[in-house]
Amino acid sequence: MAEDLDNIDAFEAKETSHKLPIGWLVLFWGLILWGVYYFVTYSPAISGWTQEKAYQESIKK
Amino acid sequence: MNDYQYDNQTVKGFVVSSVFWGVVGIVIGLLISIQMWRPEFNFAPFFTFGRLRTVHTNSLAFGLGVGAIFGLSYYILMRLTKRPLLFPKLARIQLYLFNIGIAAAAVTLFMGMTQSLEYAELEWPLDIAIVILWVMFAVNVFGTIIKRKEEQMYISLWYIIATVIAVAVLYIINNLSIPVGPFKSYHLFAGVNSANVEWWYGHNAVGFVFTTPILAMFYYFLPKSTGIPIFSHRLSIISFWSLVFAYLWTGAHHLVYTPLPDWIQTLGIVFTIFLIAPSWGSVVNGYYTVGSDWDKMNTQYLTKFFIMGITFYGLQTVQGPTQGLRVVSQLIHYTDWVPGHVHMGTMGWVTMTTAASIYYVIPKIYHTEIYSIKVANIHFWLVLIGQLIFSITMWITGIQQGALWKAVNDDGSLKYSFVETLTKNYPFWQLRTVGGLIFTVGMLFFIYNIYMTIRRGSLAEAKA
Ligand code: HEM
Ligand code: HEM
């Protein structure tokens, strides 16, 4: 019996093939921005934050 | 045409082997889940928790997972490149070597041989065999793609390529070790470096065994079984490149609050959180695809497997990144929350999607229909319920455990002893075994269905 070969058109929708949902784009760029903020805030060499200091802080009452 | 016939035999061989190792792994999973609340179920020395746990993870990740990946990747590859495998005989040898390798792996783990690196327990002679196995796979994948008859490369092929390259790099680097005998070696890296390399590997085992090849299946078999093309090719491609780029930086989230330098942890967390976007790219794409005709959920029985699978993938890829955050990690790390996370991914996403793909492939290979859609539906609901019980009980007890560990008296001493916090797990561990049993029964329905389909197909072939 012959195999049914795949037709690439059956996999990719035509009208919507270039669409990027706006909500997803916001997520994508938002997370990159958040990453820059987080890296700056929690890098000892940039902000001076360290795990050790944060710990000492947390047990001081 | 004969070539195709031959290649299908290899695909079938891998699929059946994968299901076989899956059964072994799941039965052992049940046993270790009982051992955690009934120590009498440890039978020294071979059937103790410490040894069986590694047999469980290895036979499921490498037997069920990689076996299905080999077989289904070949199936997808031949059809998307519109040609037989370039080296069908090599693929056949690979099938035999694969089964010998997994069997040998299980034996050495039962004997207690281990490199003491999670998911990289196998000792160096087996590592070499696995690298050879992987090279065989790589040669066929790249050879067939280079000689392809369809110029355009569909997204599934990209995910398969990423799997082949990433696993090779990760596996070789993390297994670099100095042998001191035929069955014993020491990691080339020491201390913090060893931990860092190990979790770079460990997390990407999740990324390139439990994610990218499963996405290759998802993107291929969803349009095939529903007849609906994928919503957006651009979204597929952008998600693909950002996923493979980001994944490789995230291993440090397994080492939060360890001696690993603070900045490496922070960098790892940044990429970890970013991973939500490329992961959800595939989730959104899947939803929008079926969204053009939600009726398919009722009219085509495989649709719900894929949609439920991608939903658990979506939940997993929000939960996972959240676990990487320092404030969450300090509560749930080392607790039973983590096995809850693990099994939502492995049972709800990996096994669900793989089983659906096998449901699609087996009848196609035998030129027949699935034996029973009703049995498939029973399978679906049982594994879903079993998995939910497993995950939810572990999340609850994990949070409780973390909170009890952190509770301190006014003078700073711990409120609860370790044993007190441990005993609180028992009811949840018992419930987990119940969930595991339900899941196992579901998988038995699956195997019965596949077996009957194969039988019917072979009978028809014999008659023809
Ligand atoms: C009946 C089904 C299953 C049961 C009862 C079960 C049970 C267990 C148990 C008790 C553990 C040890 C948890 C601990 O150390 O606290 C475990 C770990 C694990 N299981 Fe399963 N399992 C099942 C199915 C699966 C499947 C289908 C997969 C993969 C495809 C899988 C992959 C894993 C992995 C990767 C780990 C290691 C998790 C970690 O280190 O955090 N399991 N399982
Ligand atoms: C964006 C995707 C994901 C991220 C960022 C992520 C993150 C994490 C984190 C932070 C941990 C460590 C928890 C701890 O020990 O404190 C973890 C553990 C784990 N995750 Fe995920 N996860 C993701 C997706 C997945 C998927 C799809 C699976 C597939 C089944 C999976 C399987 C596992 C396993 C097996 C472990 C246990 C590792 C161990 O042995 O300790 N994860 N994940």
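Computed from a prediction, not measured in an experiment: that's the story for all the values here. Here is how names work: the chains are called A, B, and so on, in the same order as the sequence lines, proteins then strands, and each is numbered from 1.
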**Student:** Most heavy-atom pairs under 4.5 angstrom with chain A, which of B:Ile269, B:Val284, B:Leu222, B:Ile155?
**Tutor:**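 Result: the option with the highest number of such pairs is B:Ile269.
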
**Student:** Verify the neighbour count for atom OH of B:Tyr334: are there more than 12 heavy atoms of other residues, nucleotides or ligands below 6.0 Å?
**Tutor:**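 It does not: B:Tyr334 OH has 12 such atoms or fewer within range.
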
**Student:** So which atom in A:Thr16 and which in B:Phe231 form the shortest heavy-atom distance, rounded to 0.1 Å?
**Tutor:**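 The pair with the smallest heavy-atom distance is OG1-O, 2.6 Å.
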
**Student:** Rounded at 0.5 Å granularity, tell me how far CD in A:Glu15 sits from OG in B:Ser292.
**Tutor:**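 With rounding to 0.5 Å, CD (A:Glu15) is 10.0 Å from OG (B:Ser292).
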
**Student:** Could you tell me whether A:Leu33 atom CG has more than 12 heavy atoms of other residues or ligands within 6.0 Å of it?
**Tutor:**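 Yes.
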
**Student:** Where does B:Glu150 contact chain A at under 4.5 Å (heavy atoms): side chain, backbone, both or neither?
**Tutor:**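 For B:Glu150, the side chain is the part near chain A, not the backbone.
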
**Student:** Measuring heavy-atom distances to chain A, does B:Pro229 have an atom under 4.5 Å in its side chain, in its backbone, in both, or in neither?
**Tutor:**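 Contact with chain A involves both backbone and side-chain atoms of B:Pro229.
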
**Student:** For A:Trp24 and B:Ser239, which heavy atoms make the closest approach, and how far apart are they?
**Tutor:**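 Residues A:Trp24 and B:Ser239, closest heavy atoms: CZ2-OG, 3.9 Å.
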
**Student:** Do the side chain of B:Thr266 and the main chain of A:Phe39 share a donor and acceptor less than 3.5 angstrom apart?
**Tutor:**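 Side chain of B:Thr266 to backbone of A:Phe39, a donor-acceptor pair under 3.5 Å: no, none is there.
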
**Student:** Do the non-hydrogen side-chain atoms of A:Phe11 and B:Ile230 ever get within less than 4.5 Å of each other?
**Tutor:**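 Not in contact.
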
**Student:** Hey, does A:Trp49 have a side-chain heavy atom less than 4.5 Å from the side chain of B:Asp262?
**Tutor:**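 SC-SC contact between B:Asp262 and A:Trp49 confirmed.
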
**Student:** Hey, what do you get for OG (B:Ser232) to CD (A:Glu12), rounding to the nearest 0.5 Å?
**Tutor:**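 Going from OG on B:Ser232 over to CD on A:Glu12, the span is 9.5 Å.
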
**Student:** Select one option (side chain, backbone, both, neither) describing which atoms of B:Tyr288 are under 4.5 Å from chain A's heavy atoms.
**Tutor:**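 The side chain, not the backbone.
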
**Student:** Please state whether the rings of B:Phe274 and A:Phe28 are parallel, tilted or perpendicular, taking 30° and 60° as the class boundaries.
**Tutor:**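 It falls in the perpendicular class, over 60°.
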
**Student:** Mind listing the closest non-hydrogen atom pair of B:Leu235 and A:Pro21 along with its distance?
**Tutor:**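 Reported closest heavy-atom pair: CD2-CD, 3.9 Å.
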
**Student:** Go through the atoms of A:Trp29 and report whether side chain, backbone, both or neither lie under 4.5 Å from a heavy atom of chain B.
**Tutor:**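 When you check distances to chain B, no heavy atom of A:Trp29 falls under 4.5 Å.
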
**Student:** Once rounded to the nearest 0.5 Å, what's the spacing between atom CD of B:Gln265 and atom OG of A:Ser43?
**Tutor:**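 Between B:Gln265 CD and A:Ser43 OG, I get 11.0 Å after rounding to 0.5 Å.
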
**Student:** Assess the side chains of A:Asp6 and B:Tyr154: does a donor N or O sit below 3.5 Å from an acceptor N or O?
**Tutor:**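 No, no side-chain donor-acceptor pair sits under 3.5 Å.
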
**Student:** Could you measure the distance from the OH atom of A:Tyr38 to the OG1 atom of B:Thr272? Nearest 0.5 Å is fine.
**Tutor:**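 It is 9.5 Å, given to the nearest 0.5 Å.
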
**Student:** Might you point out which heavy atoms bring B:Thr258 and A:Gln51 nearest each other, and give the distance in Å?
**Tutor:**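 In this case the closest contact between B:Thr258 and A:Gln51 is O-NE2, 3.8 Å.
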
**Student:** Give the member of A:His18, A:Glu52, A:Lys14 that has the highest number of heavy-atom pairs under 4.5 Å with chain B.
**Tutor:**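 Maximum pair count with chain B is reached by A:His18.
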
**Student:** How many angstroms lie between CE in B:Met153 and CD1 in A:Ile8, if you round to the nearest 0.5 Å?
**Tutor:**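 Interatomic distance, B:Met153 CE to A:Ile8 CD1, rounded to 0.5 Å: 10.0 Å.
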
**Student:** Is A:Lys19 atom NZ crowded by more than 12 heavy atoms from other residues, nucleotides or ligands, each under 6.0 Å away?
**Tutor:**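 Atom NZ in A:Lys19 is not crowded, with 12 or fewer foreign heavy atoms closer than 6.0 Å.
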
**Student:** Given heavy-atom pairs under 4.5 angstrom as the criterion, report whether the side chain, backbone, both or neither of B:Ser242 touches chain A.
**Tutor:**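 Contact with chain A: side chain only.
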
**Student:** Roughly how far, to the nearest 0.5 Å, is CD1 of B:Ile276 from CG of A:Leu27?
**Tutor:**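 It comes to 6.5 Å.
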
**Student:** If you look at every heavy atom in B:Pro223 and A:Ala10, which pair is closest and at what distance?
**Tutor:**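 Reported closest heavy-atom pair: CB-O, 4.1 Å.
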
**Student:** For the candidates A:Ala54, A:Ser17, A:Gly35, which exhibits the highest count of non-hydrogen atom pairs separated by less than 4.5 Å from chain B?
**Tutor:**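 Option with the top pair count is A:Ser17.
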
